[in-house]
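See structure below.
Within every chain, numbering begins at 1; the chains are lettered A, B, ... in the order of the sequence lines, protein sequences first and strands thereafter.
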Protein chains: 2
Amino acid sequence: MANMTSHIHCQNCSMAALCLPYQLDQEGMARLDTIIQRHKPLHKRDVLVNAGAPLKFLYAVRSGSLKSYTIDDNGVEQIIDFHLPGDLIGFDALARSEHRSYTQALETSMLCEIPVSSLDDLAEQMPGLRRQMWRLMSGEIFTSKQLLGTLNNRSAQQRLAHFLVTLADRFKERGLSSRSFRLTMTRADIGNYLGLSVETISRILSALQLEGVIDVQNKLVNVIEPTRLRELAQ
Amino acid sequence: MANMTSHIHCQNCSMAALCLPYQLDQEGMARLDTIIQRHKPLHKRDVLVNAGAPLKFLYAVRSGSLKSYTIDDNGVEQIIDFHLPGDLIGFDALARSEHRSYTQALETSMLCEIPVSSLDDLAEQMPGLRRQMWRLMSGEIFTSKQLLGTLNNRSAQQRLAHFLVTLADRFKERGLSSRSFRLTMTRADIGNYLGLSVETISRILSALQLEGVIDVQNKLVNVIEPTRLRELAQ
DNA sequence: ATTTGATTTTGATCTGCATCAGGAAAACGT
DNA sequence: ACGTTTTCCTGATGCAGATCAAAATCAAAT
């Protein structure tokens, strides 16, 4: 019996331009597609990978959103990333062939499963794929290092504004509205990620709304003055 | 005329195990060696790469140390990394084929210059080299994301302790003492990197010395109680 | 509908670190 | 060796954001 989602292929995936297939020709995309499996849908709070688990697959987000986090010596969760459609999950695991962080769905999410060993074979034969792997990993290196500097020396408002701007930009890249979007993570998640308390997140969101920069209804954010928000992020 | 340093090769470099040659066989190392140039020595404050410059080479640190930083919209320096022997510089540039940060020598330093285009060719033919590239980039992704979580939610003392422990561990990997080492960066650099003021760095170093955890003489650090320091870093 | 638990908001207080200020000690250049 | 500059240390003050506390809102389950 054919899988219901068997008609989904890299060739017709709207996230291809952000994902591994970027700049591959038709034949290359088809070859990549043969090694990729569609993962069963994840529901909110489902855990995709556990820290310490051996690396077998990289995952590409097809829809939904997820968070990655570590658990420190005190058992405290430390969120290190939020994943949106088109993102790849697992680059941090290549170094030791074992996952270094947990990844959990923030909402119902669809994923593609990419066997690492096959990917390695394919990278040998496909210079374009190799280059895209480098590009994606390099991009992650830059953004996470950049973020370090950005967060470290900035005020709570600057951090949160930066977070919202970055999120808006990422939605835009994905063909979604950068003016109006839904926060799939909780205020606590945002605070954890930015190194701020829940209360501070809540207060600053209220303040930004009062100033007319954004409009927040629960999880829904409307950016009223994108330029102003970008200024606040510096 | 033969270059004075022409006798330096990957095959006899003590940093090979941390660097690109890791796990390559003799032949592989020799092939890699053919594409690598030795860069002229850098002196303190010399700039190796400028942000915005097209990416031509990756650099491997053979000796000395350097810092990488961006300059934000307000003209403020943001240090994003310190490089020690064996480290590769430029992974963040692969994504856009242009450097995203400045890199400056903290002391007299020797570097190897690796042409990216040749490296790409070689990666096609050498699975081991390809794997090591992935390993190194993956490691950078993990450490920088990890650092984000670590720094964000921790006190000044925890941050500085973490910085010292990480530095000590890196010296150890390189066959140097993890108990006694020299800080080649200024207190201001450390503060900038950790998101703390110079004064705070100075005060905490004094406090740690008072508690007998470390002994600081100017740039020289002696770790008296490594276990205690690690505890303070959490 | 009602309960239950999770999430968000708002207020009050307290503290860790930035900032300001001044001086001491190294490092550097001549 | 000397002055100059950079780096480092220490004290005093103030404020941004953590923490504590409690109410309000939302979401899931029965």
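- Side-chain contact annotation: B/Thr70 with B/Ser101, donor-acceptor N/O pair under 3.5 Å absent.
- For A/Asn192 and C/dA6, the CG to C1' distance is 17 Å, given to the nearest whole Å.
- Side-chain N/O atoms of B/Thr200 and B/Ser197 include a donor and acceptor closer than 3.5 Å.
- Counting heavy atoms from C-beta outward, B/Glu113 and B/Arg38 have side chains that stay 4.5 Å or more apart.
- A straight line from NZ of A/Lys44 to P of C/dA6 spans 12 Å, rounded to a whole angstrom.
- Between A/Ile89 and A/Asp81 the shortest side-chain heavy-atom distance does not fall below 4.5 Å.
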Fill in the dot-bracket string of DNA chain D, one character per base: . for unpaired, | for a pair to another strand, ( ) or [ ] for pairs within the strand, taking Watson-Crick or G-U pairs under 3.5 Å. |.||||||.|||||||||||||||||||||

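- Within the 4.5 Å cutoff, no side-chain heavy atoms of A/Val165 are placed close to those of A/His162.
- Within the model, atoms OG of A/Ser109 and CG of A/Leu66 stand 4.5 Å from one another, a figure rounded to the nearest 0.5 Å.
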Would you tabulate the pairs of protein nitrogen or oxygen atoms and nucleotide nitrogen or oxygen atoms of nucleotides 13-17 of chain C closer than 3.5 angstrom?
{"unit_1": "C/dC17", "atom_1": "OP1", "unit_2": "B/Ala156", "atom_2": "N", "d": "2.6"}

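- Side chains of A/Gln78 and B/Asn153: a donor on one and an acceptor on the other come within 3.5 Å.
- Comparing B/Ala188 and B/Arg203 against DNA chain D, the residue whose closest nucleotide sits nearer the 5' end is B/Ala188.
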Below 3.5 Å is the cut-off: list the nitrogen or oxygen pairs between protein and nucleotides 22-26 of chain C, distance only.
{"unit_1": "C/dA26", "atom_1": "O3'", "unit_2": "B/Asn218", "atom_2": "ND2", "d": "3.0"}

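- Read 5' to 3', the first and last nucleotides of DNA chain D with an atom closer than 4.0 Å to a heavy atom of chain A are D/dG17 to D/dA27.
- Below 30°, between 30° and 60°, or above 60°: for A/Tyr102 and A/Tyr69 the angle between ring planes is below 30°, a parallel geometry.
- With 3.5 Å as the limit, one finds no donor-acceptor pair spanning the side chains of B/Ser65 and B/His83.
- For the salt bridge (Lys or Arg N to Asp or Glu O under 4.0 Å) with A/Glu107, the qualifying choice from A/Arg182, A/Arg45, A/Lys44 is A/Arg182, the only one to do so.
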Indicate every side-chain donor-acceptor pair of residues 223-234 of chain B with a distance under 3.5 Å to a residue at least two apart or in another chain.
{"unit_1": "B/Arg230", "atom_1": "NH1", "unit_2": "B/Asp169", "atom_2": "OD2", "d": "3.4"}
{"unit_1": "B/Arg230", "atom_1": "NH2", "unit_2": "B/Asp169", "atom_2": "OD1", "d": "2.9"}
{"unit_1": "B/Gln234", "atom_1": "OE1", "unit_2": "A/Asn74", "atom_2": "ND2", "d": "3.1"}

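- Each of B/Val198 and A/Lys219 was assigned the nucleotide of DNA chain C with the nearest heavy atom; the assignment lying further toward the 5' end belongs to A/Lys219.
- The separation between A/Ile190 atom CD1 and C/dT7 atom C1' is 12 Å, rounded to whole Å.
- With a 4.5 Å cut-off on side-chain heavy atoms, A/Ile201 and A/Arg159 do not count as touching.
- Under the salt bridge (charged side-chain N to carboxylate O under 4.0 Å, His left out) criterion, the residue pairs touching residues 189-201 of chain A are A/Lys67-A/Asp189, with sequence neighbours excluded.
- Contacts of B/Thr186 with the nucleic acid, taken as non-hydrogen atoms under 4.0 Å apart, involve only primed sugar atoms and P, OP1 or OP2.
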